[in-house]
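To start, the structure under review is shown below, and the notes come after it.
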Amino acid sequence: MQKDNDILLLKGNEAIAHAAIRYGYDGFFGYPITPQSEILETLALLKPWETTGMVVLQSESEVASINMIYAGGGSGKCVLTSSSSVGVSLMQEVIPYMAICEVPGLIVSVQRGGPGLGTIQPSQSDYRQATCGGGNGDYRTIVLAPCSVQESCDMVGLAKELMMKWRTPVIILSDGSIGQMMEKCILPPYTPRRTDEEIRRQCPWATNGLGLKDRKPNVMTSLELDQALMEKRNRELQKKYARIQQEEVRAEHYHTEDAETLIVAFGSAARISMGAIDNLRQQGHKVGLLRPVTLWPFPEKEILELASRMKRIVVVELNEGQMLRDVQWASQFRCPIEFIGHSGGVIITPDEISRKISEMGKL
Amino acid sequence: MDEKTIKSPQNIVYQKPRLMNDTPMHYCPGCGHSIVHKLVAEILDEMGIEEKTIGVCPVGCAVFAYRYLDIDWIEAAHGRAPACASALKRLWPEHLVFTYQGDGDLACIGTGETIQTLNRGENITVIFINNAIYGMTGGQMAPTTLMGMKTSTCPYGRQADLHGFPLKISDIAATLEGTCYVTRQAVNTVGNIARAKKAIRQAFENSLQGRGSSLVEIVSTCSAGWKMTPVQSNQWLTENMLPYYPLGDLKNIKD
Ligand SMILES: Cc1ncc(C[n+]2csc(CCOP(=O)(O)OP(=O)(O)O)c2C)c(N)n1
Ligand code: SF4
Ligand SMILES: [Mg+2]
């Protein structure tokens, strides 16, 4: 049954904090950085250690945070961290360890303008860092891109499901606008945290000592001096990635049925594009949107299928054209592809998108 | 007496710890690591807590500790073992969580994690093997390398103007509010081995009882890195390491 306090007006960041508690996460480890500090602050205020028993720790750095997630996830616990751009760069040290050791864990990346310290304004310029793997080695992470406060909340639940199902790190790629804006949010009911016994049954691979007398010791390590064995581990990982690409692609359509021009945009850029589409449709332009919800795996098949029947694709991003390459590749250039974007923390407006698309003229 | 009689329980005065397996160790002859491994295995045996123990391996020669001791281990990135252990202990508050780290791992690349973890008073044990050198990568200068000591990256000897000074990180750890026990031990003599074992056992008990962070430094030999025989290494340790890194408790707060 829904109670009053289950529907709140929240920032995207705050929604993530509430969601982590309610979806039964065991721990959060994070370091302050704008524009995502509300996640740690909200958790500190809500004191989940007194209710669900969830651990909350302000770490000494993002390097420490990601190591905490690695160890916590490796021991079978359901854990998350969050940061923004330069902080997520520091985390690249250990995301590969998590990938190859098949450690579940959630990393919330609330992007700001870069490169370097950049600005604290919203941006999507860490698309490549998230989807291509910013660390070393042949690995991938599942990347989810929310476009609203509600979706930020829901994706904390989806991420838990995916990271446990696939034993892989999952990134929620938010940004400063989704993290900071306030919207109505329906919070999920409380899922109890798993008991030790449940963890023992569900995660027989975890390094927590449980039941050691009746099994071989568990070891979490990425080190493999024998290159043939290391390649074998890599190949196994690639097989898993192929299955993820088969099963976990998610994308949302907006007015694509009769569209002649297709906007491809994710997260906040998709949200802004919807406004532009409404304007353009009033002016008689048949424009639709494909919003990749999973950035990896990427909705390649859908883009190819749509590209085959569109007159034009316009990629809209808050960066200098990062997802653009993936769209070009997926579409096999079956139609002309244009790009509209801003970077460094400058936000695009629906009007600018409408104007630029109108100016592109008829094809 | 036949072999069976000799091996009967009443005649056994010494045996391999139950938690230590038969995997041949990769450690060089005369290396301190193997002795400390055995002590850890013995203590865990005696305490009977392997079902609630998590070890965190370093990057360094002890990277393969998980091959020899039959407990659950997580292998940390270079220097990050204390961060891993902090999370593990908070998520598994009833468990014994310990790290096992070298001087490069703990006192150089991981100094931040070490100090912050100990300062938070995480209820973990840090076992710190100080051999004054980077053993694993072939004998480069460590933060703990003594003045004048030759390594492959200070081939003319460590000198202050080029390399700074050997870091006594345990002395720093002893000043932190979060630590309850900081001690410096060695495994170069039978007597010292017994004392080191007692120290590790006390640290483990502190961790289980939630008294704060415990750091057990073991001043140790690296015969390969020092380019000496095992006997020479022990002598060199006694004559050079122990005067700079004197043995004994630096802090021991008992409730
Ligand atoms: C990030 C990173 N940098 C460098 C290395 C290379 N490396 C491996 S072990 C080591 C030094 C280990 O020395 P120490 O911690 O003293 O351990 P010992 O081998 O002496 O026991 C270094 C620099 C690494 N594995 N990872
Ligand atoms: S190189 Fe040094 S520390 Fe490493 S195993 Fe050999 S003696 Fe031990
Ligand atoms: Mg060393």
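FYI, side chains are in, hydrogens and waters are out, and symmetry mates aren't considered; it's all heavy atoms of this structure. In what follows, every chain begins at residue 1, and chains take the letters A, B, ... in the order their sequences are listed.
With a 4.5 Å cut-off on non-hydrogen atoms, Arg193(A) does not touch chain B at all. For a residue to count as touching a neighbouring chain, one of its non-hydrogen atoms must lie under 4.5 Å from one of that chain's; by this rule Arg67(B) does not touch chain A. Of the atoms belonging to Ala76(B), it is backbone heavy atoms, and not side-chain ones, that fall under 4.5 Å from chain A. Contact of Glu93(A) with chain B is made through the side chain alone, with heavy-atom distances under 4.5 Å. Residue Val55(A) touches chain B through its side chain alone, counting heavy-atom pairs closer than 4.5 Å. The part of Thr53(B) that comes within reach of chain A is its backbone (N, CA, C, O), which places non-hydrogen atoms under 4.5 angstrom from that chain. In this structure, the portion of Val63(B) lying under 4.5 Å from any heavy atom of chain A is its side chain and not its backbone. Heavy atoms of Phe29(A) lying under 4.5 Å from chain B belong exclusively to its side chain. Proximity to chain B (any heavy atom under 4.5 Å) is shown, for Val103(A), by neither the backbone nor the side chain. When heavy atoms are compared at a cutoff of 4.5 Å, Lys213(A) approaches chain B by way of both its backbone and its side chain. Using a 4.5 Å cut-off between heavy atoms, Glu122(B) contacts chain A through its side chain alone, with no backbone atom that close.
Using a 4.5 Å heavy-atom threshold, the side chains of Trp73(B) and Thr207(A) count as separate. Looking only at side-chain heavy atoms (C-beta outward), Asp70(B) and Pro217(A) come within less than 4.5 Å of each other. For the pair Ile74(B)/Tyr70(A), a side-chain contact is recorded, criterion being any heavy-atom separation below 4.5 Å from C-beta on.
Chosen from Val79(A), Val219(A), Ile66(A), the residue pairing most often with chain B at heavy-atom distances under 4.5 Å is Val219(A). Per-residue heavy-atom pair counts under 4.5 Å with chain B were compared for Ile69(A), Asn218(A), Leu210(A), Val94(A), and the maximum is reached by Asn218(A). When each of Ser59(A), Gly211(A), Ser222(A), Gly27(A) is scored by its heavy-atom pairs under 4.5 Å with chain B, the top score falls to Gly211(A).
The neighbour count for Glu94(B) CD, taken as heavy atoms of other residues, nucleotides or ligands under 6.0 Å away, does not exceed 12. Within 6.0 Å of atom CG in Asp196(A), more than 12 heavy atoms from other residues, nucleotides or ligands are found, so the atom counts as buried in its surroundings. Around the NZ atom of Lys16(B), the shell of radius 6.0 Å holds more than 12 heavy atoms that belong to other residues, nucleotides or ligands. Sparse packing is recorded around NZ of Lys198(B), with 12 or fewer heavy atoms of other residues, nucleotides or ligands lying under 6.0 Å away. Atom OH of Tyr31(A) is surrounded by 12 or fewer heavy atoms from other residues, nucleotides or ligands within 6.0 Å. For Glu177(B), the CD atom is loosely surrounded, since the number of other residues' heavy atoms within 6.0 Å does not exceed 12.
When every heavy atom of Asn67(A) is checked against every heavy atom of Cys84(B), the shortest pair comes out as O-SG, 3.6 Å. The two atoms that bring Ser75(A) and Trp92(B) nearest to each other are OG-NE1, 2.8 Å, heavy atoms only. The minimum heavy-atom distance between Glu51(B) and Leu212(A), with the atom names listed, is OE2-N, 2.8 Å. When all heavy atoms of Thr117(B) and Glu60(A) are compared, the pair lying nearest together is OG1-OE2, 4.2 Å. Across every non-hydrogen atom of Ala64(A) and Glu113(B), the tightest pair is N-OE2, 4.3 Å.
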- request: Test side chain to side chain contact (heavy atoms under 4.5 Å, CB included) on Leu57(A) and Arg120(B) and set out the steps.
  value: CA-CA 10 Å; Leu57(A) 178 62; Arg120(B) 281 193 303 263; 3.9 Å; yes
- prompt: Would Asp26(A) and Arg90(B) satisfy side chain to side chain contact (heavy atoms under 4.5 Å, CB included), going step by step from the backbone distance to the final call?
  reply: CA-CA 10 Å; Asp26(A) 297 304; Arg90(B) 284 178 185 243; over 6 Å; no
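Checked for salt-bridge contact, Arg215(A) and Asp72(B) meet the test: a charged N lies under 4.0 Å from a carboxylate O.
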